[in-house]
Amino acid sequence: LPKKTQGDFEFGTPNTAGNIGLGEAIKYFNKYFKELKDREKALAIYAYDKLKKIENVILYSDRGDVNVIFNLKNLNAQDVVSYLGHKNIILRAGTHCAHLVKEIIGVSSTIRISFGGYTIKEDIEKTISAIKEGGNFLDFI
């Protein structure tokens, strides 16, 4: 067997800057997490209430859920999301990693609005306005 040397037990230089940065990130997260979650929930409720007032919107989520799940009557969810994407409104269409839900609600695809720390009320207003204006959801390219 080869003889063990000091180098075999040397761990190298500790990542001091990385450890300090991680500690500060944890402090920041702990300080602002509840505030961020409360803000996201308030935005979700605001969006839900706005969507509920639009005649051709079918809501699948409940008021207060952190994501708003919906469809527009007689329109394919992917077509709607593509149309809105061309207006720089980024939503998601599909089953959203919950494939059994389509059997429960009876639709193959829904539209999801998700909220994050970067989401502002104006984003919701822009989305609601584009949905209300509508347009040709297939002839936009």
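Everything numeric in this text was worked out from a predicted model, so none of it was measured.
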With ILVMFWY side chains joined below 4.5 Å, transitively, what does I20's cluster contain besides itself? none

To check you understand the geometry: which heavy-atom pair defines the closest contact between G117 and L36, and what is its length? CA-CD1, 3.3 Å

Ring pair (Phe, Tyr, Trp, His ring centres under 6.0 Å) contacts in which one or both residues fall within residues 16-45, not counting sequence neighbours: Y28-Y32, F29-F33

Please name all residues satisfying side chain to side chain contact (heavy atoms under 4.5 Å, CB included) with L59, sequence neighbours left out, ordered by chain then number. Y48, L51, K52, V57, V68, F70

Under the salt bridge (Lys or Arg N to Asp or Glu O under 4.0 Å) rule, what pairs show up with a residue in residues 53-64, not counting sequence neighbours? D49-R63

The criterion is side chain to side chain contact (heavy atoms under 4.5 Å, CB included); which residues satisfy it with I26, sequence neighbours excluded? L22, N30

Taking the side chain from H99 and the backbone from T95, do they hold a donor-acceptor pair closer than 3.5 Å? no

Sorted by chain and number, sequence neighbours left out, side chain to side chain contact (heavy atoms under 4.5 Å, CB included) with K34 holds for D38

Spacing of CD1 belonging to I124 relative to NZ belonging to K126, to within rounding of 0.5 Å: 13.5 Å

For E122, side chain to side chain donor-acceptor pair (under 3.5 Å) partners two or more places apart: none

Side chains of T127 and K132 in contact at under 4.5 Å (non-hydrogen atoms): no

Flag the pair L84 / V81 as yes when at least one side-chain heavy-atom distance between them is below 4.5 Å, and no otherwise. no

What residues form a side chain to side chain contact (heavy atoms under 4.5 Å, CB included) with K41, not counting sequence neighbours? I45

Which residues, ordered by chain and number, are linked to V66 in its hydrophobic cluster, where ILVMFWY side chains connect at heavy-atom gaps below 4.5 Å, directly or through other members? none

Show me the donor-acceptor pairs, under 3.5 Å and distance only, between side chains in residues 107-116 and residues at least two apart or in other chains.
from : atom 1 : to   : atom 2 : distance (Å)
S109 : OG     : G94  : N      : 3.1
T110 : OG1    : G94  : O      : 3.4
T110 : OG1    : H96  : NE2    : 3.0
R112 : NE     : S114 : OG     : 2.9
S114 : OG     : N67  : OD1    : 3.1

Has the side chain of D123 got a donor or acceptor atom that lies under 3.5 Å from a matching backbone atom of I120? yes

Can you sort out the partners of K37 under side chain to side chain donor-acceptor pair (under 3.5 Å), two or more places apart, ordered by chain and number? E40

OH of Y83 to CG of L91: how many Å apart, nearest 0.5 Å? 13.0 Å

For residues 12-28, the salt bridge (Lys or Arg N to Asp or Glu O under 4.0 Å) pairs (sequence neighbours left out) are E24-K27

Look only at the side chain of N71 and the backbone of K73, and say whether a donor-acceptor pair between them is shorter than 3.5 Å. no

